[in-house]
Chemist: 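Structure in structure tokens, see below.
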Amino acid sequence: MKKTIAKKRKRGERLLPLAALVGGLVNGLLGTGGGMVMTLSLNAVYRDEKQNAMAISTICVMFFSFLSIILYKINGYIENVAILPVLLPALVGGALGTYLLGRLPTLGIDLLLSALLLYSGVRLLV
Amino acid sequence: MMEVLVAFFSALLTGLGVGSGGFYLLYLTEVMGLARHEAQGLNLLFFFVASASSVLSHFRRGHLSPSRFLPLLGFGGLGAVFGSLFLNYISPSVTRRIFGVLLLLSGAYTLLSRLSRFGKEKSRGPLRKSLDK
């Protein structure tokens, strides 16, 4: 049983670079969404290490975002953007969220989030 | 004030590992009325800042092993470069639709996976759960 799980994980790990390629592509193209691809893929491979999977996903998407920011800037998509007013809330919110990771019952959050995602998705398509 | 609150809660969700980038982007395009590509740029900047504190915290807790994430940075970085360059050839309405499909898929997946996990936990019963603890 343990051998089968280890085999499955190795096979999954071999596919992760492909998932990263897709995640980076989506992130660069849409300015978001890379985290979804990475989190789903990493959670599937590291089933019993959710926090590690989350950490890898976050650092990957942070790097993808960094590269995309440079190219967006070169292409003139980042000009007079006002990041300063939201800089502090972004830093504090990110730190607090990481602190709460694994400490909060996530059922309610997940249900609310999925409802919002479905609603927003329909709104954008219709 | 509204902008600060939205930014705070979006960043909070980012730290929790819940896909929040989409919400901030939606806020920027639908509420603030920013042009699609400009909003995407701001969203990338926002995510970069919000995830920085999260990454530091993960490093301190020992969740990050370089051998696992470094190869992914290379492949994903390549994808990010292609995606950002490809953006010049796609109209904002197309990226809006792709984004809509992505949100729908993400919402459906979150809902279904959470409900199935909840069902499994419930079927295990209180005795089994207490033994697991």
Side-chain angles (χ1 to χ4, degrees), chain A residues 16-17 20-33 35-36 39 51-52 54-56 58-69 71-72 75 77-78 81 83 85-87 89-98 100-101 107 109-111 113-114 117-118 120-121 124-125, chain B residues 3-4 7-8 11-12 14-19 21-22 25-26 37-38 40-51 53-55 57-58 63-64 68-69 71-73 75-84 86-88 95-100 102-104 106-107 110-111 114 118:
Chain A
L16 278 179
L21 188 73
V22 175
L25 193 73
V26 170
N27 209 59
L29 192 63
L30 302 179
T32 186
M36 190 187 104
T39 305
Q51 294 210 349
N52 292 359
M54 194 59 64
I56 298 172
T58 309
I59 196 168
C60 283
V61 184
M62 187 180 155
F63 181 68
F64 305 163
S65 299
F66 174 69
L67 291 178
S68 298
I69 287 166
L71 288 163
Y72 272 58
N75 287 325
Y77 296 133
I78 301 178
V81 288
I83 188 72
V86 295
L87 203 66
L91 274 171
V92 176
L96 185 64
T98 312
L100 292 173
L101 182 67
L107 178 66
I109 297 172
D110 283 349
L111 290 182
L113 176 80
S114 52
L117 285 169
L118 289 169
S120 312
L124 285 177
L125 288 174
Chain B
E3 196 183 351
V4 169
F8 174 76
L12 187 81
T14 298
L16 281 169
V18 179
L25 185 55
L26 268 179
H37 292 170
E38 194 185 341
Q40 287 183 203
L42 184 52
N43 189 56
L44 285 167
L45 268 173
F46 173 80
F47 184 86
F48 182 75
V49 174
S51 58
S53 53
S54 181
V55 165
S57 174
H58 281 303
H63 294 155
L64 282 165
R68 277 184 177 176
F69 71 77
L72 303 183
L73 295 188
F75 282 90
L78 201 66
V81 169
F82 277 117
S84 305
F86 199 47
L87 185 69
N88 292 327
T95 51
R96 181 187 154 99
R97 281 181 186 277
I98 300 174
F99 182 48
L102 197 75
L103 287 181
L104 273 181
S106 173
T110 309
L111 185 67
R114 200 58 179 91
F118 182 65

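Everything numeric in this text was worked out from a predicted model, so none of it was measured. All chains are named by letter (A, B, ...) in the order of the sequence lines, taking the proteins before the strands, and each is independently numbered beginning at 1.
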Chemist: Shorter than 4.5 Å, heavy atoms on both sides: which option in G35(A), C60(A), G33(A) has the most such pairs with chain B?
Modeler: C60(A)

Chemist: Top residue by heavy-atom pair count (under 4.5 Å) with chain B, among G23(A), A20(A), S120(A)?
Modeler: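 Option with the top pair count is A20(A).
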
Chemist: Looking only at heavy atoms, which two atoms of G31(A) and Q40(B) are closest? And how far apart?
Modeler: N-NE2, 3.5 Å

Chemist: How would you list, by chain and number, every residue that makes a side-chain contact (heavy atoms from CB on, under 4.5 Å) with L25(A), sequence neighbours excluded?
Modeler: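 With sequence neighbours excluded, L25(A) shows a side-chain contact (heavy atoms from CB on, under 4.5 Å) to F82(B), given in chain and number order.
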
Chemist: Which residue, T32(A), I69(A), L30(A), V61(A), forms the side chain to side chain contact (heavy atoms under 4.5 Å, CB included) with L44(B)?
Modeler: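 Exactly one option meets the side chain to side chain contact (heavy atoms under 4.5 Å, CB included) with L44(B), and it is I69(A).
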
Chemist: Where is the tightest heavy-atom contact between L29(A) and Y72(A), given as atom of each residue plus distance?
Modeler: O-OH, 3.9 Å

Chemist: For the residue pair H63(B) and H58(B), does the interplanar ring angle fall in the parallel (under 30°), tilted (30 to 60°) or perpendicular (over 60°) class?
Modeler: tilted

Chemist: Counting heavy-atom pairs under 4.5 Å with chain B, which one of V22(A), I59(A), L67(A) comes out on top?
Modeler: I59(A)

Chemist: Please name all residues satisfying side-chain contact (heavy atoms from CB on, under 4.5 Å) with V92(A), sequence neighbours left out, ordered by chain then number.
Modeler: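 L88(A), F8(B).
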
Chemist: So which part of M36(A) gets closer than 4.5 Å to some heavy atom of chain B, the side chain, the backbone, both or neither?
Modeler: side chain

Chemist: Quick check on the interface: out of N75(A), L125(A), L71(A), who has the most heavy-atom pairs with chain B under 4.5 Å?
Modeler: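 Highest number of heavy-atom pairs under 4.5 Å: L125(A).
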
Chemist: Can you tell which of V4(B), L102(B), N88(B) has the highest number of heavy-atom pairs within less than 4.5 Å of chain A?
Modeler: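 Counting heavy-atom pairs under 4.5 Å, the top option is N88(B).
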
Chemist: Considering only heavy atoms and a distance below 4.5 Å, find which of S68(A), A55(A), A95(A) pairs most often with chain B.
Modeler: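 Maximum pair count with chain B is reached by A55(A).
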
Chemist: Among S84(B), G77(B), S53(B), who wins on heavy-atom pairs under 4.5 Å with chain A?
Modeler: S84(B)

Chemist: By the definition side chain to side chain contact (heavy atoms under 4.5 Å, CB included), identify the one residue from T58(A), L16(A), I56(A) that meets it with F69(B).
Modeler: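 Answer to the side chain to side chain contact (heavy atoms under 4.5 Å, CB included) test with F69(B) among T58(A), L16(A), I56(A): I56(A).
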
Chemist: With a 4.5 angstrom heavy-atom cut-off, is it the side chain or the backbone of F63(A) that approaches chain B, or both, or neither?
Modeler: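 When you check distances to chain B, only side chain atoms of F63(A) fall under 4.5 Å.
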
